[in-house]
Each structure stands twice: as C-alpha cells, then as structure tokens.
Amino acid sequence: PPPHCFHPPRLSLTDGGSAWRDWARTPLWRRAVVLRAAAQQLRDHAEFLAGFLVQEVAKPAKDARSEILRSADLIDYTAEEGVRLLAQGQLLASDAFQGADRTKLCLASPVPLGVVLCIPPFNYPVNLACSKIAPALIAGNAVVLKPPSQGALSGVLMARCFQLAGLPDGLLNVVTGRGREIGDYLVEHPGVNCISFTGGNTGLAIARRAAMVPLQMELGGKDACVVCADADLDLAASAVVKGGFSYSGQRCTAVKVVLVEEPVADALVAKVCEQIAQLTVGMPEDNASIVPVVDAKSADFIEGLVRDAEGKGAQLLQEWRREDNLIWPLLLDRVTKDMRLAWEEPFGPVVPVIRIQAAEEGVAHCNESRFGLQGCVFTRDINRALALSSAMETGTVQINAAPARGPDHFPFQGMRDSGIGSQGVTNSIKMMFKTKTTVLNLPQPNYTLG
Ligand code: NAP
C-alpha cells in the first residue's frame, strides 16, 4: 500500500524502552536486511515523498527527489558498514600491562545504548532523520523520532517506509508536536539514552538540559569561502553561487561569508553577480533556484540582517526585493566586521562579501566566529591550500569547492558552537553503541595440564 494508508503506529517511549532488547538479540545480518528493505521502500515511494517535501518545506522538486534517493543510499551504506563494524570486537591479554601476568583475557564488544532520541531540522527532514535512524537501528537501538513541525508529514511517511519494510513494532516511534512544547519532555525523559540532534541554537539549550547521555549535536554554521588572488575565479564564483544560494541558502553548509583578497575582489564580485542574474526566483514545484524561505519569521530575520548591513555602509549589488517569504538573491559587498551579517547565519539567499588583504586574515575571521562547521579555500597553490586548511579551525575544509556534507560516509563534524560528536555513516554508527567487556580469568601461569 502507499505509505499514506496506514494506522498511526503506537507511540510511546515505553515501547522503545523494551523493544530494543529483542532487536539487539536479532542477528546483525537480519537487522541489515530490514534496513535495506526500508531503503527500497523509500525508492519505491520517492515521488510520493518528494511531493510532501515540496509542499511542507518548499524544497525544489528535483532536490526533494534527490533527498529521498540519497537517504535510501545512505541507509544501504549504513546496513553494509554496520555489519562489518559491529561484527568486530577486541581481545586483549592482561600481560601487555606493566607487571601483569597473562591471567586475564578481555573480550570487548559493541552493545546498543537503548533508546535514541532523534531530532532533525526542517531543511532535510527525511535525509537528516535517516542519517540518525539507520545507524541507531543497525547498532540495535530503538528510536524516538521528533520530526520538525514543518516537515512532520514527510517524517511520518518516511517512518512508514520502515514499517512497510518489516521493522518490528516499537523500534521506530514518531512523536510530532512543536519542539518548544514537547521538546523538554523528550530531552529530559529518563527513558532516553542518547540524543542525536540537528538544528540551530536550540541545540545549545538541549545540551544544557540533557541528562548524562551521549550527545550527537550538529548545529549551525557560518561557512567561510576564502578566495586567494591566484584562484580560478570562474570556479570560485560558481561555488559561491551554488554554495550560497541553493535552496535559498537554507543549508548548514551554505557559503555564508565570502572573504576575498582585494586584488581580485572586483573580478570575483562581477562574476558572481553575472551568475546571480541567471537564477530563477519562484515556487518549488517549478524547480526555481530561489524558493520562499521556510516562514515569515525567518524572512523577517534575514531582512533585519540586510537592513543592519545597509545602514552601516554595505553595498547591495542587487535591488532588495521581498514578497512574503520569497526573497530575491542578494550579494552584499564591502561588509565589515561591525555588521551582524559578518557573523550571523542568515539561512536565506543573502551572501556577504568581506574584502581582505591576505587569506590569513580570512582564516582569522573564520576562527573568530563562534561557529566552526566547514570552510573552503580557493587557490592554485596546493601548499598554500594545505597551510590555510590546517590553520582554519572548522570540522571540514574544502579545497577549490564549496562546503558540502556528502558523500555521506565522509566524517562530518562541527567545532565550537557547531556541534559535538561526529557524523558520517561510520562515525554515526560508532556514536550509537557502548563497549562492553567480559573478562575471562585464567588459571595462574604455573598451571600445568597435569
Ligand atoms: P531548529 O529551530 O533548531 O529546530 C531543529 C529541531 O529542533 C526541530 O525539529 C524543532 O522542532 C526542534 N526543537 C525546537 N525546540 C526544541 C526544544 N526545546 N527541544 C527539542 N527540540 C526542539 O533548527 P531549524 O530551523 O529546523 O534548522 C535550521 C538550523 O539547523 C540552522 O541553524 C542550520 O545551520 C542547522 N543545521 C545544521 C546542520 C549540521 O549538520 N550541522 C544540518 C542542517 C541544519 P519544531 O520544528 O517543532 O520547532
């Protein structure tokens, strides 16, 4: 049946609280079979689910479809990686430690955490839910999913795909509701053994409220694009436009500030403006490049950042234009450090340019930010690129390309207020188990077989 024809699953933390024990005893290969079946269900229902993403979060239709297919691929990869990784343990002999005899053998193996609370954001309600659910399930945990309010239907229907795939009841529980109303209850619930969260500053508050459970937090970013004077400016301009304006800039890894060396600043800005003029502005159903931002509050926030910069002397290179939540793409030149746009995450189609004397100044700006998600560097000099990368204090640095999260098996983590723990399939699986040791105590070394 299509995923919308279903009875609401039973939803309670108590279900997850007991269900994971049976699931943890289910052979690993069987857990992988269920995950692969869920991936197939997502593929089979890709058009249907993508339609919800278009309507709920205004995602351009082709990007919505890619999000579903990418999620299916991520689940498949997680199933495969999980069976390899979770099959492994460790055997340690005691006499490696100073002064000890070989009288003990330690067997260390992964055991699940229990119930994992997964809270994804609106911008990738399916993909960022799957990137939490699949590692949690393959490692033998149960999941409580709290989808974003905008994106909740997509989240529920995605969960239905796991049900259609044969995932036993009680393992994937969906609780919908406004985060500000039900969030504290979930985060502080004693039945929760791990929290995997992606979102904005809300995550900082969650980290303070959470009990003593492992946290996997992916928070905001202010990804800097540092352009050196020797860079391929066509490449850099394309990266600024694609990186800064795709999905109207509503991506954690969007280019959120450009720092360009003065000698090439005019040329870069001209190339970026040329490409901005080619962007289409409209509705997600029509696959417009620039679509309405998620809500009026976000649009007001973006407008506030632009007005602040304009008032302090930034140069608007396109006309400011807004109709309800639809904001036309805008590049702001000669942004300075006293402007909010130099530091805050607009999460909209608005990109500030700061002119610098040398790339090191750009890296210093990036390191001064409270965010440390990704950054990128454009130069033809590989030694310079590597030196700048090692100086840039972010979870990832891209050389000669815009910041990006994928491929989804690459490690992905933020520094400072951008997060705790690491993502990427392998690292996410590693976040979802504890190590249990069993120690075999052996006869004394002088024991003889008789
Ligand atoms: P958000 O407002 O922080 O919301 C994220 C999730 O938290 C939503 O499901 C939200 O539910 C829920 N929530 C809200 N208040 C809560 C509370 N008190 N307790 C528990 N949960 C609560 O973020 P967003 O606007 O959806 O997403 C945009 C942000 O996410 C940006 O800052 C972006 O950079 C960041 N992001 C980061 C990454 C990364 O990998 N680092 C990836 C994508 C996005 P409701 O929808 O019901 O409020």
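Just so you know, ligand 1 is whichever comes first in the structure, and atom 1 is the first atom listed for that ligand.
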Say whether [X], considering both its backbone and side-chain N or O atoms, lies within less than 3.5 Å of an N or O atom on ligand 1.
X: Pro120; value: yes
X: Thr198; value: no
X: Leu219; value: yes
X: Phe122; value: yes
X: Val187; value: no
X: Arg405; value: yes
X: Cys252; value: no
X: Arg178; value: no

For ligand 1, note which part of [X] has a heavy atom under 4.0 Å away: side chain, backbone, both or neither.
X: Ile206; result: side chain
X: Glu345; result: side chain
X: Arg180; result: backbone
X: Asn123; result: side chain
X: Ile119; result: side chain

Is the NZ or CZ atom of Lys146 positioned over Phe197's six-membered ring, under 6.0 angstrom from the centre and within 45° of the axis?
->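 Because its charged atom misses either the 6.0 Å distance or the 45° angle limit, Lys146 does not stack over Phe197.
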Sub-4.0 Å heavy-atom approach of Asn201 to ligand 1 =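 No heavy atom of Asn201 comes that close to ligand 1.
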Is there a heavy atom in Ala152 that sits closer than 4.0 Å to ligand 1?
->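 Under 4.0 Å: no for Ala152.
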Donor-acceptor pairs under 3.5 Å, side chain of residues 248-256 to any protein atom, not counting sequence neighbours: which ones?
{"residue": "Ser248", "atom": "OG", "partner": "Val291", "partner atom": "N", "Å": "2.9"}
{"residue": "Ser248", "atom": "OG", "partner": "Val291", "partner atom": "O", "Å": "2.7"}
{"residue": "Gln250", "atom": "OE1", "partner": "Val294", "partner atom": "N", "Å": "3.0"}
{"residue": "Gln250", "atom": "NE2", "partner": "Tyr247", "partner atom": "O", "Å": "3.3"}
{"residue": "Arg251", "atom": "NH1", "partner": "Gly243", "partner atom": "O", "Å": "3.2"}
{"residue": "Arg251", "atom": "NH2", "partner": "Thr253", "partner atom": "OG1", "Å": "3.4"}
{"residue": "Lys256", "atom": "NZ", "partner": "Gly221", "partner atom": "O", "Å": "3.4"}
{"residue": "Lys256", "atom": "NZ", "partner": "Arg251", "partner atom": "O", "Å": "3.0"}
{"residue": "Lys256", "atom": "NZ", "partner": "Cys252", "partner atom": "O", "Å": "2.9"}
{"residue": "Lys256", "atom": "NZ", "partner": "Glu345", "partner atom": "OE2", "Å": "2.8"}

Are the charged groups of [X] and [Y] less than 4.0 angstrom apart, N to O?
X: Glu47; Y: Arg65; value: yes
X: Glu274; Y: Lys271; value: no
X: Arg322; Y: Asp300; value: yes

Could you pull out, from Gly183, Ala254, Gly199, Pro121, the option with a heavy atom nearest to atom 35 (C) of ligand 1?
->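 Among Gly183, Ala254, Gly199, Pro121, the closest heavy atom to atom 35 (C) of ligand 1 comes from Gly199.
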Around Arg384, counting heavy atoms of other residues, nucleotides and ligands shown, do more than 12 lie under 6.0 Å from its CZ?
-> yes
If a pair satisfies side chain to side chain donor-acceptor pair (under 3.5 Å) and one of its residues is in residues 425-434, list it, with sequence neighbours excluded.
->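 Listed by first then second residue: Glu81-Thr426, Gln216-Ser428, Ser422-Asn427.
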What residue among Leu85, Val33, Ile138 forms side chain to side chain contact (heavy atoms under 4.5 Å, CB included) with Leu28?
->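 Filter result, single survivor: Ile138.
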Tell me yes or no: between the side chains of Asp295 and Ser298, is some donor less than 3.5 Å from an acceptor?
->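 Yes - a donor-acceptor pair under 3.5 Å links their side chains.
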Verdict with supporting geometry, Glu368 and Lys222, salt bridge (charged side-chain N to carboxylate O under 4.0 Å, His left out) = CA-CA 11 Å; Glu368 228 181 290; Lys222 182 75 182 170; over 6 Å; no
